[in-house]
Peer 1: 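Just dropping this structure here.
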Protein chains: 2
Amino acid sequence: MDPINIKKLAEALNLSTSTVSRAFRNNNDINKATKERILARARELGYQPNHYASNLRERKSRTIAVIVPELANNFFLQVINGLEQVASAKGYHILIYLTGNDYEKEISFINHLSNGRVDGIMMSVSGETASEHNYLHKLRDKNIPLVFFDRIYEDIDVPKVTTDDYESAFQATEHLIQAGCRDIAFLVINKNLSIGKKRLQGYQDALRQHGLPYREELVVDCHHDHDPNLEILRQALPALKPDGLFAAVERLAIAAYFVCQEQGIQIPGQLKIISFSSLEIAPLLNPSLSTITQPAFEMGIQAATLLFEAIDGGGQEVKTGQIVLKSELVPRQSSSRAGN
Amino acid sequence: MDPINIKKLAEALNLSTSTVSRAFRNNNDINKATKERILARARELGYQPNHYASNLRERKSRTIAVIVPELANNFFLQVINGLEQVASAKGYHILIYLTGNDYEKEISFINHLSNGRVDGIMMSVSGETASEHNYLHKLRDKNIPLVFFDRIYEDIDVPKVTTDDYESAFQATEHLIQAGCRDIAFLVINKNLSIGKKRLQGYQDALRQHGLPYREELVVDCHHDHDPNLEILRQALPALKPDGLFAAVERLAIAAYFVCQEQGIQIPGQLKIISFSSLEIAPLLNPSLSTITQPAFEMGIQAATLLFEAIDGGGQEVKTGQIVLKSELVPRQSSSRAGN
DNA sequence: TTGTATGCGTTATCAA
DNA sequence: TTGATAACGCATACAA
């Protein structure tokens, strides 16, 4: 098939390309009847305006990018679901990029995307707070709005949507203390990353406030991947013999469950566990898992809304506020007082 | 900032746009030194070739679309992960579209994508086999390759990647029978959809082969959404009193677990359960869930590979074969013989 | 209400 | 090895 384009369609209708073009936009400078005629014929010939040509002309892509560390994670999934709802309602398309927690990849994506490929970017960052973020300035220079969610760089002045990480971590730790724990391990992937840091602080402050010592060895540095985490915990649990465990990320609680199963450690009898988690089936685990649940879907909606405000606002008055959503602590069996 | 483009960069370097353009492609018709100089200056000025202009010119988008019914599903997640691995290795970008199991949306996406927006499409279909699929012919007319995975339309002649649904369903049913079940319920969302149909057949044939009657009332039609499923099962379980339950989709097993918990039905004592599922934490459920696990990641890789073969092959010799991957039955406590 | 002409930023062809 | 030019398909300013 030779491809159909606006010119051929115009010829077939004995009209000019401008008129045809007008039929496909909400342009009122066109006769209703001709518009109908054009659309009818277009359907017949299978014509659709070429997206790339339109974008080139309009300098608008109607596309946004979402950059996340990974997909195999209920949290990001739900966020993307929220984003999708907002985006598709506005007729926007979504490009998805996975950094795999690789900082270099993040830089590469951003560079790639700063060429007008997208109208805006939503990102949960992969790198460490300490690292250089100059590559992000390019976006500002090019007027491409950026919104952070969950994992953020604090030194970059863009709109951010997070949850109350510090407070939730404080509560979670307090919850374990009140359940009778004294030696509470904190599992974290990167305690220098935005969220890891905040959650660590909440953990520390809760200990302090309840007169418990902060013991650095109880902070267990974990990995992004499952198998190394199993190894780490196989060593750490017998060595540290904690009676409480607070996981900063769902995946770490899962690993802990597996290792407890292996080593015959009773939850919550010998070890009480609570974790940040977006797992819908937390109640079905053995034992059911106490969670701090972040409003992930809502977060996607909010972040997307901020992003579209920036896009529609023409990048002029860039809002740079931070929205903090509340997480919910749901106690279940894994952290119940012994005997229950 | 006034935007930088190839022309300005060329001026700044006292070169022609053609030369600059060559520097950004693997074009050997260029002096190594000038190329270096161009790239250096480009970095300095923050120049990146405009994606839309390039695409318009080259008629290649280096972008593919993946259309899935939903995201909140470990299976699709893992498939997309596989796809992403293949695509990013080839420098392709991924657009993601969610149908929400809405057939109309699927049609709309396909129409949208038939304008050259993408170089290829990977889809797990949302509609019923019975419905009209003429909108898909447009893709063929426009030489946009399409590959189906998991949920397919059999009447459309494109490459397909599925798993051995019939055999797995047969095995799963047989597994329950051998565990002592006689009244085995089959939970399915759409028994007319490709996979639902195959799995139903496997279920039926296994019953027959083992001399058990096929009772239509034991086939429970479920919903895509969680809450309605709870309602359905709250009614169905007490009414049917099955001693075995085979869920065609992970989500249905989850719903069954919740309802059993509510109604105090013992798994596996009173009811044995097995389900298609890609849940990594199936071993941690209470009780651990017996699964038929599809090689989802592998499926993503295979489907993406087929897609790129079609894309790179210029859409000429369109392969239309079907790849069938093997699923794995993993027995766990939820279907163990009473007492274990 | 419709048509003409121009350019969006890039790349391919051809000539130098 | 480099440069001039045309074209990709569309949308807008302007003229009719």
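A note on names: the letters A, B, ... follow the listed sequences, proteins ahead of strands, and every chain is numbered from 1.
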Peer 1: Using a 4.0 Å cut-off to any heavy atom of chain A, which nucleotides of DNA chain D are the first and last in contact, reading 5' to 3'?
Peer 2: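 From 5' to 3', the first and last contacting nucleotides are D:dG9 to D:dT12.
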
Peer 1: Rounding to a whole Å, what distance do you find between A:Lys142:NZ and C:dG9:P?
Peer 2: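 For the pair A:Lys142 NZ and C:dG9 P, the rounded distance is 11 Å.
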
Peer 1: Would you say B:Gln48 and A:Ser114 are linked by a side-chain donor-acceptor pair, where the criterion is simply a distance under 3.5 Å?
Peer 2: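 Judged by distance alone, the side chains do not pair up.
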
Peer 1: Using whole Å, what does the distance between atom C1' of nucleotide C:dT6 and atom CG of A:Leu56 come to?
Peer 2: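 A:Leu56 atom CG is separated from C:dT6 atom C1' by 13 Å.
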
Peer 1: Provide, to the nearest angstrom, the distance between the CD1 atom belonging to B:Ile38 and the P atom belonging to C:dT10.
Peer 2: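 Roughly 13 Å, once rounded to whole Å.
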
Peer 1: Base, sugar-phosphate or nothing for B:Asn5? Non-hydrogen atoms, less than 4.0 Å.
Peer 2: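 Answer is sugar-phosphate: B:Asn5 comes under 4.0 Å of backbone atoms only.
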
Peer 1: Taking only residues two or more places apart in sequence or in another chain, which ones pass ring-ring contact (aromatic ring centres under 6.0 Å, His included) with A:His133?
Peer 2: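 A:Tyr153.
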
Peer 1: Quick check for you: to the nearest 0.5 Å, what is the distance between B:Arg59 atom CZ and A:Asn50 atom CG?
Peer 2: 8.5 Å

Peer 1: Could you give the CD-to-P distance, from B:Glu58 to C:dT10, as a whole number of Å?
Peer 2: 12 Å

Peer 1: Could you tell me whether A:Ile30 contacts a base, only the sugar-phosphate backbone, or nothing, with contacts defined as non-hydrogen atoms closer than 4.0 Å?
Peer 2: sugar-phosphate

Peer 1: Could you give the CZ-to-C1' distance, from A:Arg57 to C:dT6, as a whole number of Å?
Peer 2: 8 Å

Peer 1: I'd like to know if the side chain of B:Ser194 pairs up with that of B:Glu154 as donor and acceptor (distance under 3.5 Å, no hydrogens or angles considered).
Peer 2: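 B:Ser194 vs B:Glu154: no donor-acceptor pair found between side chains.
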
Peer 1: Would you say A:Glu106 and A:Ser126 are linked by a side-chain donor-acceptor pair, where the criterion is simply a distance under 3.5 Å?
Peer 2: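 Looking only at side-chain atoms, A:Glu106 and A:Ser126 do form a donor-acceptor pair, the distance falling under 3.5 Å.
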
Peer 1: Any base atoms under 4.0 Å from A:Asp29, or only sugar-phosphate, or nothing? Heavy atoms, all strands.
Peer 2: base

Peer 1: Heavy atoms under 4.0 Å, any strand shown: does B:Ile6 hit a base, just sugar-phosphate, or nothing?
Peer 2: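 Here B:Ile6 touches the bases of the nucleic acid.
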
Peer 1: Quick one: do the B:His51 and B:Asn55 side chains pair a donor with an acceptor below 3.5 Å?
Peer 2: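 Distance-only check passes for B:His51 and B:Asn55.
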
Peer 1: Looking only at side-chain N and O atoms, does A:Arg59 come under 4.0 Å of OP1 or OP2 in C:dG9?
Peer 2: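 A:Arg59 to C:dG9 OP1/OP2: side-chain N or O found under 4.0 Å.
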
Peer 1: Compute whether any side-chain donor of one residue and acceptor of the other, for B:His93 and A:Tyr97, lie under 3.5 angstrom apart.
Peer 2: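 Present: a donor and an acceptor within the cut-off.
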
Peer 1: Please report the distance, rounded to the nearest Å, between NE2 in B:His51 and C1' in C:dT10.
Peer 2: 12 Å

Peer 1: In terms of side-chain heavy atoms, does B:Glu84 have a donor or acceptor partner in B:Asn81 at a distance below 3.5 Å?
Peer 2: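 No.
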
Peer 1: What residues from residues 11-24 of chain A pass a heavy-atom cutoff of under 4.0 Å to DNA chain D?
Peer 2: A:Ser18, A:Ser21

Peer 1: Is there a donor-acceptor contact under 3.5 Å linking the side chains of A:Ser21 and A:Arg25?
Peer 2: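 Distance-only check passes for A:Ser21 and A:Arg25.
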
